[in-house]
Amino acid sequence: MRSAFLCVFALLAAPALADEMGDMPGMHDMAMPAMASTGVLGPYPMSRDASGTSWQPDAAPHGGIHLMAGDWMLMAHASIAGVLDSQSGPRGDSQAFAEGWGMVMARRDFAGGDTLNLRAMLSLDPFMGRRGYPSLLASGETADGVTHLVDRQHPHDLLMELSASYSHRLTDDSAAFVYFGYPGEPALGPTAFMHRVSSADLPLAPIAHHWLDSTHIAFGVATLGLVRDDWKLEVSQFTGREPDQFRFGVEPARFDSTAVRLSWNPSENWSLQASWGFIKSPEQLEPAVDETRYTASATYFTPLAGDGSFAATLAFGRKVLSGGAGENAFVAEAAYKPADPWTLFARAERIESGELFAAPSPRTVGEITLGAIHDWRVAEHLKLGLGGLYTFDFVPDGAVPAYGGDPHGAALFVRLLVD
């Protein structure tokens with residue numbers, strides 16, 4: 001196990017010397033039109049926009065197919081993977097499944113700097129079945145409406161986002177915006193893991209998902225925000241109840257929960273956020289239990305010579321259940337691209353969970369994931385990738401028999417990426 005920790009440390013601490021950015025390609029090669037050089041929420045670089053209303057580093061890539069239709073700029077982006085997943089021990093399982101998402105966006109800019117943005121996102125996850133896929137030490141939500149889902153990652157709903165935002169330019173460096181989603185992503189936590197620049201190549205969800213970014217599909221979100229230069233302050237009212245086990249349906253909009261997030265991009269390479277949220281009755285099986293969540297994260301990205309890049313995120317999440325103890329989670333993840341075809345990735349996590357074991361208080365568990373993917377360009381805007389990963393799981397001594405003594409997991413995957 002010591003070698004695994006050393007590998008993670010080496011990847012997370014890899015030197016990342018920035019290379020000079022080249023000229024932007026022509027429009028047919030996905031350049032942004034001049035009228036759409038700013039973000040959808042205000043006067044900042046368009047590459048800063050990430051999932052929902054979250055930010056990523058300005059230097060991060062902003063993939064997708066972009067084209068113009070009259071006064072509208074259209075964008076399409078997708079990532080689809082077929083995964084063969086195997087988790088060890090009595091609480092493990094093996095499964096082949098497909099997962100991924102596709103997104104379309106339409107944007108219109110107006111005189112004076114105002115911007116209207118429409119976005120729709122769909123997920124393949126419901127087709128893997130209600131129970132999701134095997135993932136040791138994962139927990140949260142329910143598979144059948146009767147029992148907690150433990151040691152498996154739940155599938156996301158078919159409809160991941162259907163949103164509209166409108167930003168109004170106040171000055172040359174400030175704007176106010178409003179965002180509505182049904183579903184949508186409130187101002188709570190870092191960028192959702194499948195869109196985060198440091199974890200987008202890793203097909204399995206982090207076990208800390210429900211400490212950081214599990215509210216990214218909320219059926220009813222209204223966010224008001226203010227952008228000034230490299231700062232953003234936003235407040236959301238949203239539906240706290242997580243989606244139920246019927247992944248093809250929709251949920252009632254309740255707007256019973258609140259979140260506040262402060263974001264800061266101090267340079268083109270960094271994006272930081274801190275957020276707080278009160279989540280009303282998030283779990284279907286425990287409707288009387290509310291949650292207060294605190295998160296903080298820092299994401300770094302830099303391009304390297306030869307089409308390479310390095311990305312990393314450090315994140316902390318804490319959830320406090322009404323009438324219960326607080327539970328903390330820490331995540332460190334990185335993606336290193338030494339050259340265009342290859343990406344090496346790593347993720348290290350430590351969580352305190354009261355759902356995994358029959359214990360009077362939360363128990364601490366951990367996980368380290370190492371892996372790689374090789375991509376081939378098969379069309380102008382399409383890549384085919386083949387990858388694999390291995391996961392080391394760490395559990396308390398008393399839980400070792402339940403997990404088979406040396407829990408671990410492995411996965412092989414093939415991916416289609418529209419970029």
Side-chain angles (χ1 to χ4, degrees), residues 49-57 60 79 99-101 103 119 121 123 125 132 135 137-141 149 153-157 159-161 163 179 181 183-221 223 232 234 236 238-243 257-263 271-279 282-283 291-299 311-320 327-333 335 347-351 353 367 369:
D49 288 324
S51 65
T53 59
S54 68
W55 280 356
Q56 65 179 358
S79 177
E99 60 91 25
W101 51 269
M103 178 179 67
R119 185 161 52 199
M121 189 182 307
S123 172
D125 287 16
S135 179
L137 308 183
S139 62
E141 302 193 20
L149 191 62
Q153 167 61 31
H154 65 81
H156 294 98
D157 276 35
L159 185 59
M160 298 182 76
E161 184 175 13
S163 68
Y179 166 96
E185 182 177 327
L188 181 57
T191 298
F193 70 87
M194 68 280 293
H195 307 295
R196 203 157 55 230
V197 67
S198 56
S199 64
D201 290 298
L202 208 165
L204 304 185
I207 59 174
H209 179 41
H210 283 261
W211 282 255
L212 294 174
D213 51 2
S214 61
T215 56
H216 70 109
I217 302 178
F219 280 92
V221 179
T223 300
K232 173 167 58 73
E234 51 193 327
S236 295
F238 65 100
T239 300
R241 175 63 56 85
E242 294 172 342
S257 304
T258 304
V260 180
R261 179 167 61 195
L262 179 64
S263 303
S271 184
L272 292 75
Q273 70 83 32
S275 53
W276 166 91
F278 169 76
I279 307 174
E283 296 286 350
E291 178 185 321
T292 301
R293 184 178 300 181
Y294 308 85
T295 82
S297 64
T299 296
T313 294
L314 295 175
F316 164 77
R318 177 176 174 82
K319 60 181 182 180
V320 181
E327 299 176 358
N328 298 327
F330 299 88
V331 178
E333 60 190 22
R347 178 188 287 151
E349 303 179 75
R350 177 184 181 274
I351 66 171
S353 176
E367 185 172 275
T369 300

Q | Pair I217-F219, side chain to side chain contact (heavy atoms under 4.5 Å, CB included): steps then yes or no | A | CA-CA 7 Å; I217 302 178; F219 280 92; 4.1 Å; yes
Keeping [X] on the side-chain end and [Y] on the backbone end, is there a donor-acceptor pair under 3.5 Å?
X    : Y    : answer
D213 : G189 : no
E349 : I207 : yes
R119 : G52  : yes
S123 : D125 : yes
S51  : A192 : yes
R196 : T191 : yes
W211 : E327 : yes

Q: Apply side chain to side chain contact (heavy atoms under 4.5 Å, CB included) to I279 and L188, showing your working.
A: CA-CA 10 Å; I279 307 174; L188 181 57; 4.0 Å; yes
Decide whether [X] and [Y] meet the rule of one side-chain donor and one side-chain acceptor closer than 3.5 Å.
X    : Y    : result
E242 : H210 : yes
R293 : S257 : no
T223 : E234 : no
Q273 : T295 : yes
T299 : S271 : no
R261 : T53  : yes

Residue pair [X] / [Y], side-chain heavy-atom distance below 4.5 Å:
X    : Y    : result
S353 : S139 : yes
L212 : P190 : yes
T258 : W276 : yes
M194 : E99  : no

Q: Assign the ring pair F330 / F316 to parallel, tilted or perpendicular, where the plane angle (0 to 90°) is split at 30° and 60°.
A: tilted
Spacing of [atom1] belonging to [X] relative to [atom2] belonging to [Y], to within rounding of 0.5 Å:
X    : Y    : atom1 : atom2 : value
D49  : H195 : CG    : NE2   : 13.0 Å
L262 : S275 : CG    : OG    : 9.5 Å
Y294 : K319 : OH    : NZ    : 14.5 Å
S214 : F193 : OG    : CZ    : 10.5 Å
M121 : M103 : CE    : CE    : 5.0 Å
N328 : R350 : CG    : CZ    : 7.5 Å

**Q.** Single hit among H156, E161, E185 for side chain to side chain donor-acceptor pair (under 3.5 Å) with H216
**A.** H156
Q: Mind running side chain to side chain contact (heavy atoms under 4.5 Å, CB included) on E141 and L149 for me, showing each step along the way?
A: CA-CA 6 Å; E141 302 193 20; L149 191 62; 5.7 Å; no
Q | Shortest non-hydrogen separation from S236 to A187 and the atoms involved | A | OG-N, 2.9 Å
